[in-house]
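Computed from a predicted model, the values in this text were never measured in an experiment. Values below: every heavy atom of this structure, side chains too, minus hydrogens, waters and symmetry copies.
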Amino acid sequence: MPGAKRKRKPSTWERFVKKNGFLYAAAGTAVVTAAASPLIGGVPNVVQRLFRDDRPTITLTDDSATLTDLSLAYPAAVAQPTEAPAGGTKAGVTRTKMVIYNSTGATIRVLDIQAKVRKRSGPLHGTLLAQTSQGGTSEVIGLALWQQPAIARVLTGPTALGDPYFSVQSIELPAGASQVVEITAIPDRHYYEYALAVTYDRDGKQKTAEATDASLKVTGYAPAYDAASEGTPGSYAAIDAARVRRSPPARPATEHADALRRPAAPIVFEGFEP
(Lines give C-alpha, C1' and ligand atoms only; values in the text may rest on other atoms or scores of the structure.)
Protein backbone atom coordinates (compact mmCIF):
# COMPACT_ATOMS: atom_id res chain seq x y z
CA MET A 1 0.00 0.00 0.00
CA PRO A 2 1.47 3.35 -1.00
CA GLY A 3 2.70 5.42 2.00
CA ALA A 4 2.37 2.50 4.43
CA LYS A 5 5.35 1.91 6.70
CA ARG A 6 6.72 -1.58 6.58
CA LYS A 7 6.92 -3.34 9.95
CA ARG A 8 10.49 -4.12 10.99
CA LYS A 9 11.28 -7.76 11.35
CA PRO A 10 12.62 -8.54 14.91
CA SER A 11 16.20 -9.65 15.16
CA THR A 12 17.23 -13.10 16.24
CA TRP A 13 18.27 -11.76 19.70
CA GLU A 14 14.94 -9.97 20.24
CA ARG A 15 13.05 -13.15 19.37
CA PHE A 16 15.18 -15.10 21.83
CA VAL A 17 14.63 -12.62 24.68
CA LYS A 18 10.89 -12.51 24.08
CA LYS A 19 10.70 -16.28 24.17
CA ASN A 20 12.97 -16.80 27.20
CA GLY A 21 12.59 -13.52 29.11
CA PHE A 22 11.11 -15.23 32.16
CA LEU A 23 14.44 -16.97 32.67
CA TYR A 24 16.19 -13.63 33.07
CA ALA A 25 13.52 -12.30 35.43
CA ALA A 26 13.81 -15.38 37.61
CA ALA A 27 17.58 -15.19 37.52
CA GLY A 28 17.50 -11.52 38.51
CA THR A 29 15.17 -12.25 41.44
CA ALA A 30 17.42 -15.07 42.56
CA VAL A 31 20.48 -12.81 42.46
CA VAL A 32 18.75 -10.10 44.55
CA THR A 33 17.41 -12.64 47.04
CA ALA A 34 20.77 -14.34 47.31
CA ALA A 35 22.49 -11.03 47.92
CA ALA A 36 19.93 -9.83 50.48
CA SER A 37 19.59 -13.07 52.44
CA PRO A 38 23.08 -13.02 53.98
CA LEU A 39 22.62 -9.37 54.94
CA ILE A 40 19.25 -9.86 56.64
CA GLY A 41 20.02 -13.25 58.10
CA GLY A 42 23.36 -12.12 59.47
CA VAL A 43 22.01 -9.12 61.44
CA PRO A 44 18.45 -9.92 62.53
CA ASN A 45 18.77 -8.07 65.85
CA VAL A 46 19.92 -4.89 64.15
CA VAL A 47 17.04 -5.00 61.69
CA GLN A 48 14.55 -5.63 64.49
CA ARG A 49 15.90 -2.77 66.59
CA LEU A 50 15.37 -0.38 63.67
CA PHE A 51 11.64 -1.03 63.95
CA ARG A 52 11.44 -1.36 67.74
CA ASP A 53 10.48 1.53 69.99
CA ASP A 54 13.21 2.33 72.48
CA ARG A 55 10.57 3.56 74.94
CA PRO A 56 8.12 1.44 76.90
CA THR A 57 4.45 1.61 75.97
CA ILE A 58 2.40 3.32 78.69
CA THR A 59 -1.39 3.21 78.89
CA LEU A 60 -3.48 5.12 81.41
CA THR A 61 -7.01 4.42 82.65
CA ASP A 62 -9.14 6.43 85.04
CA ASP A 63 -9.57 4.25 88.14
CA SER A 64 -11.27 6.79 90.40
CA ALA A 65 -14.34 4.54 90.82
CA THR A 66 -12.30 2.46 93.28
CA LEU A 67 -11.81 5.41 95.66
CA THR A 68 -13.73 5.87 98.88
CA ASP A 69 -14.17 9.56 98.02
CA LEU A 70 -16.10 9.83 94.74
CA SER A 71 -16.85 13.54 94.97
CA LEU A 72 -17.05 15.59 91.77
CA ALA A 73 -16.77 19.33 91.23
CA TYR A 74 -18.12 21.49 88.40
CA PRO A 75 -17.12 24.99 87.31
CA ALA A 76 -20.72 26.27 87.26
CA ALA A 77 -23.84 25.84 89.37
CA VAL A 78 -25.84 22.68 88.65
CA ALA A 79 -29.43 22.19 89.76
CA GLN A 80 -29.99 19.33 92.20
CA PRO A 81 -29.18 16.27 90.06
CA THR A 82 -30.49 12.73 90.16
CA GLU A 83 -27.41 11.46 88.32
CA ALA A 84 -23.91 12.88 88.14
CA PRO A 85 -23.80 15.25 85.14
CA ALA A 86 -21.09 14.75 82.56
CA GLY A 87 -18.04 16.98 82.72
CA GLY A 88 -17.31 16.64 86.43
CA THR A 89 -13.76 16.69 87.81
CA LYS A 90 -12.64 14.52 90.70
CA ALA A 91 -12.40 16.50 93.90
CA GLY A 92 -9.97 15.88 96.74
CA VAL A 93 -8.14 12.92 95.20
CA THR A 94 -8.00 10.95 91.97
CA ARG A 95 -6.65 7.56 90.95
CA THR A 96 -5.11 6.28 87.72
CA LYS A 97 -4.21 2.77 86.59
CA MET A 98 -0.94 2.79 84.67
CA VAL A 99 0.19 -0.18 82.61
CA ILE A 100 3.86 -0.15 81.60
CA TYR A 101 4.63 -2.57 78.76
CA ASN A 102 8.30 -3.08 77.95
CA SER A 103 8.31 -2.86 74.17
CA THR A 104 12.01 -1.92 73.97
CA GLY A 105 13.41 -5.41 73.40
CA ALA A 106 15.77 -5.14 76.39
CA THR A 107 15.31 -5.31 80.16
CA ILE A 108 14.47 -1.96 81.75
CA ARG A 109 14.27 -0.76 85.36
CA VAL A 110 11.68 1.85 86.33
CA LEU A 111 13.47 4.33 88.59
CA ASP A 112 10.77 6.94 89.26
CA ILE A 113 7.29 8.14 88.36
CA GLN A 114 6.49 11.84 88.55
CA ALA A 115 3.57 14.13 87.86
CA LYS A 116 4.36 16.91 85.40
CA VAL A 117 1.89 19.69 86.15
CA ARG A 118 0.60 21.34 82.98
CA LYS A 119 -1.96 23.67 84.53
CA ARG A 120 -2.59 24.99 88.03
CA SER A 121 -5.41 27.35 88.98
CA GLY A 122 -7.97 28.03 91.68
CA PRO A 123 -10.27 25.15 92.70
CA LEU A 124 -13.54 24.53 90.87
CA HIS A 125 -16.24 26.11 93.03
CA GLY A 126 -19.44 26.07 90.98
CA THR A 127 -21.00 22.84 92.25
CA LEU A 128 -19.86 20.07 94.56
CA LEU A 129 -21.41 16.62 94.23
CA ALA A 130 -20.24 14.87 97.39
CA GLN A 131 -20.19 11.07 97.23
CA THR A 132 -18.51 8.27 99.13
CA SER A 133 -18.26 4.51 98.65
CA GLN A 134 -16.68 1.44 100.20
CA GLY A 135 -13.93 1.45 97.56
CA GLY A 136 -10.30 0.88 98.25
CA THR A 137 -7.45 -1.07 96.67
CA SER A 138 -3.94 -2.06 97.61
CA GLU A 139 -2.20 0.73 95.67
CA VAL A 140 1.01 1.97 97.25
CA ILE A 141 2.07 4.99 95.17
CA GLY A 142 0.88 8.56 95.72
CA LEU A 143 1.77 11.91 94.18
CA ALA A 144 1.60 15.28 95.94
CA LEU A 145 0.78 17.61 93.06
CA TRP A 146 1.87 20.72 94.94
CA GLN A 147 5.42 19.38 95.19
CA GLN A 148 8.13 20.40 92.73
CA PRO A 149 8.98 17.77 91.58
CA ALA A 150 5.93 15.66 92.37
CA ILE A 151 7.74 12.33 92.77
CA ALA A 152 6.20 8.97 93.61
CA ARG A 153 5.84 8.45 97.35
CA VAL A 154 4.60 5.62 99.53
CA LEU A 155 0.87 6.02 100.11
CA THR A 156 0.40 5.45 103.84
CA GLY A 157 -3.31 6.33 103.95
CA PRO A 158 -6.12 7.49 101.65
CA THR A 159 -4.39 10.86 101.23
CA ALA A 160 -1.27 10.50 103.40
CA LEU A 161 2.18 10.22 101.87
CA GLY A 162 5.45 8.85 103.20
CA ASP A 163 8.97 8.45 101.87
CA PRO A 164 9.91 8.39 98.18
CA TYR A 165 8.73 5.07 96.75
CA PHE A 166 11.76 4.51 94.53
CA SER A 167 14.39 5.56 97.06
CA VAL A 168 15.29 1.95 97.91
CA GLN A 169 13.66 -0.03 95.10
CA SER A 170 12.94 -0.14 91.38
CA ILE A 171 10.63 -2.09 89.09
CA GLU A 172 12.46 -4.45 86.74
CA LEU A 173 10.73 -5.39 83.49
CA PRO A 174 12.21 -7.97 81.10
CA ALA A 175 11.52 -7.47 77.40
CA GLY A 176 7.83 -8.08 76.66
CA ALA A 177 6.76 -7.89 80.33
CA SER A 178 4.06 -5.60 81.75
CA GLN A 179 3.54 -3.98 85.14
CA VAL A 180 0.31 -2.47 86.51
CA VAL A 181 0.79 0.52 88.83
CA GLU A 182 -2.04 2.22 90.74
CA ILE A 183 -1.29 5.90 91.27
CA THR A 184 -3.21 8.20 93.61
CA ALA A 185 -2.79 11.94 92.91
CA ILE A 186 -3.55 14.39 95.69
CA PRO A 187 -4.03 18.17 95.24
CA ASP A 188 -3.84 20.98 97.75
CA ARG A 189 -6.51 23.70 97.39
CA HIS A 190 -5.90 24.14 93.65
CA TYR A 191 -7.02 22.66 90.36
CA TYR A 192 -4.42 20.62 88.47
CA GLU A 193 -3.95 19.10 85.04
CA TYR A 194 -0.87 16.96 84.65
CA ALA A 195 1.00 14.26 82.74
CA LEU A 196 2.80 11.24 84.17
CA ALA A 197 6.50 10.73 83.45
CA VAL A 198 8.27 7.39 83.89
CA THR A 199 12.04 7.48 84.33
CA TYR A 200 13.74 4.19 83.47
CA ASP A 201 17.14 2.67 82.84
CA ARG A 202 17.81 0.82 79.57
CA ASP A 203 21.24 -0.49 78.69
CA GLY A 204 22.79 1.71 81.37
CA LYS A 205 21.17 4.90 80.09
CA GLN A 206 18.40 6.79 81.87
CA LYS A 207 15.47 7.91 79.77
CA THR A 208 12.02 9.35 80.41
CA ALA A 209 8.71 8.52 78.75
CA GLU A 210 5.65 10.71 79.32
CA ALA A 211 2.01 9.73 79.03
CA THR A 212 -1.14 11.79 79.31
CA ASP A 213 -4.88 11.25 79.37
CA ALA A 214 -7.96 13.45 79.62
CA SER A 215 -8.63 11.99 83.08
CA LEU A 216 -5.38 13.37 84.54
CA LYS A 217 -6.97 16.28 86.35
CA VAL A 218 -8.18 16.89 89.88
CA THR A 219 -9.36 19.82 91.95
CA GLY A 220 -8.85 20.64 95.58
CA TYR A 221 -11.91 21.43 97.68
CA ALA A 222 -13.03 25.05 97.57
CA PRO A 223 -13.94 26.95 100.76
CA ALA A 224 -17.54 27.30 99.46
CA TYR A 225 -19.64 26.45 96.41
CA ASP A 226 -22.49 28.02 94.45
CA ALA A 227 -24.45 24.77 94.81
CA ALA A 228 -23.86 21.44 96.49
CA SER A 229 -25.50 18.04 96.86
CA GLU A 230 -24.51 14.83 98.56
CA GLY A 231 -25.57 11.22 98.50
CA THR A 232 -25.48 8.47 95.90
CA PRO A 233 -26.66 8.33 92.27
CA GLY A 234 -30.45 8.54 92.21
CA SER A 235 -30.59 9.82 95.76
CA TYR A 236 -28.89 13.19 96.05
CA ALA A 237 -29.94 15.77 98.60
CA ALA A 238 -29.08 19.47 98.49
CA ILE A 239 -26.83 20.80 101.20
CA ASP A 240 -26.03 24.35 102.22
CA ALA A 241 -23.38 25.27 99.68
CA ALA A 242 -22.29 28.34 101.61
CA ARG A 243 -21.37 26.15 104.56
CA VAL A 244 -19.50 23.42 102.69
CA ARG A 245 -16.08 23.02 104.19
CA ARG A 246 -13.61 20.28 103.48
CA SER A 247 -10.41 19.76 105.42
CA PRO A 248 -7.27 19.28 103.29
CA PRO A 249 -5.88 15.74 103.13
CA ALA A 250 -3.84 14.58 106.09
CA ARG A 251 -0.25 15.72 106.02
CA PRO A 252 2.35 13.05 105.43
CA ALA A 253 3.51 11.25 108.56
CA THR A 254 7.19 11.10 107.69
CA GLU A 255 10.53 12.60 108.54
CA HIS A 256 10.10 14.61 105.33
CA ALA A 257 6.85 16.16 106.54
CA ASP A 258 8.24 19.68 106.59
CA ALA A 259 9.13 19.48 102.90
CA LEU A 260 5.73 18.05 102.02
CA ARG A 261 3.55 20.29 104.17
CA ARG A 262 1.00 22.21 102.16
CA PRO A 263 1.76 25.91 101.81
CA ALA A 264 -0.27 28.30 103.90
CA ALA A 265 -0.60 30.70 100.95
CA PRO A 266 -1.08 29.97 97.25
CA ILE A 267 2.10 29.36 95.28
CA VAL A 268 2.56 31.12 91.96
CA PHE A 269 4.57 29.16 89.40
CA GLU A 270 5.97 30.94 86.38
CA GLY A 271 3.98 30.02 83.30
CA PHE A 272 1.00 28.69 85.27
CA GLU A 273 -2.41 30.24 85.38
CA PRO A 274 -3.06 32.13 88.63
Name the atoms and distances for all side-chain donor-acceptor pairs under 3.5 Å in residues 167-181, with sequence neighbours left out.
residue: Ser167; atom: OG; partner: Pro164; partner atom: O; Å: 3.0
residue: Gln169; atom: NE2; partner: Tyr165; partner atom: O; Å: 3.0

Inspect the surroundings of NZ in Lys97 and state if more than 12 heavy atoms from other residues, nucleotides or ligands are less than 6.0 Å away. no
Which atom names give the shortest non-hydrogen contact between [X] and [Y], and what distance separates them?
| X | Y | answer |
| --- | --- | --- |
| Pro123 | Gly220 | CB-O, 3.3 Å |
| Ala152 | Ile141 | CB-CG2, 3.7 Å |
| Thr219 | Thr89 | N-CG2, 4.0 Å |

Quick one, [X] and [Y] - any side-chain contact, counting heavy atoms below 4.5 Å?
| X | Y | value |
| --- | --- | --- |
| Lys119 | Val117 | no |
| Pro56 | Thr104 | yes |
| Met98 | Val198 | yes |
| Asn102 | Tyr200 | no |
| Thr184 | Leu143 | no |
| Val99 | Ile58 | no |
| Thr159 | Ile186 | yes |
| Pro85 | Tyr74 | yes |

Out of curiosity, does [Y] fall in the hydrophobic cluster containing [X] (side-chain heavy atoms, cut-off under 4.5 Å, transitive links)?
| X | Y | answer |
| --- | --- | --- |
| Ile151 | Val218 | no |
| Leu60 | Ile183 | yes |
| Phe166 | Leu111 | no |

Quick one: does any side-chain atom of [X] pair with a main-chain N or O of [Y] as donor and acceptor, under 3.5 Å?
| X | Y | answer |
| --- | --- | --- |
| Arg95 | Thr66 | yes |
| Ser71 | Gln131 | yes |
| Thr132 | Asp69 | no |

What's the separation between atom CG in Asp188 and atom CD in Gln147, rounded to the nearest 0.5 Å? 11.0 Å
With [X], which residues qualify under side-chain hydrogen bond (donor to acceptor under 3.5 Å, both in side chains), at least two apart?
| X | result |
| --- | --- |
| Asp213 | Ser215 |
| Gln206 | none |
| Gln114 | Asp112, Lys116 |
| Thr94 | Ser64 |

Go through the steps for Lys207 and Ile108 under the test side chain to side chain contact (heavy atoms under 4.5 Å, CB included), then give the verdict. CA-CA 10 Å; Lys207 300 184 178 183; Ile108 65 172; over 6 Å; no
For side chain to side chain contact (heavy atoms under 4.5 Å, CB included), just list the numbers for Leu145 and Tyr194, CA-CA rounded to whole Å, side-chain angles, deciding distance to a tenth of an Å, and then say yes or no. CA-CA 9 Å; Leu145 296 178; Tyr194 57 98; 4.0 Å; yes
So, Ser103 versus Thr57: side-chain donor-acceptor pair below 3.5 Å or not? yes
Report the C-alpha distance between Val93 and Leu67 in whole Å, list the side-chain angles of each, state the deciding distance to 0.1 Å, and finish with yes or no for side chain to side chain contact (heavy atoms under 4.5 Å, CB included). CA-CA 8 Å; Val93 62; Leu67 290 165; 4.0 Å; yes
Report the hydrophobic cluster partners of Leu124, with the cluster defined as I, L, V, M, F, W, Y residues connected by side-chain heavy atoms closer than 4.5 angstrom, directly or transitively. Tyr191
Between Glu210 and Arg55, does any side-chain N to carboxylate O distance fall below 4.0 Å? no
Going through the distances and angles, do Leu216 and Arg118 end up as a side chain to side chain contact (heavy atoms under 4.5 Å, CB included)? CA-CA 10 Å; Leu216 295 184; Arg118 301 299 187 222; over 6 Å; no
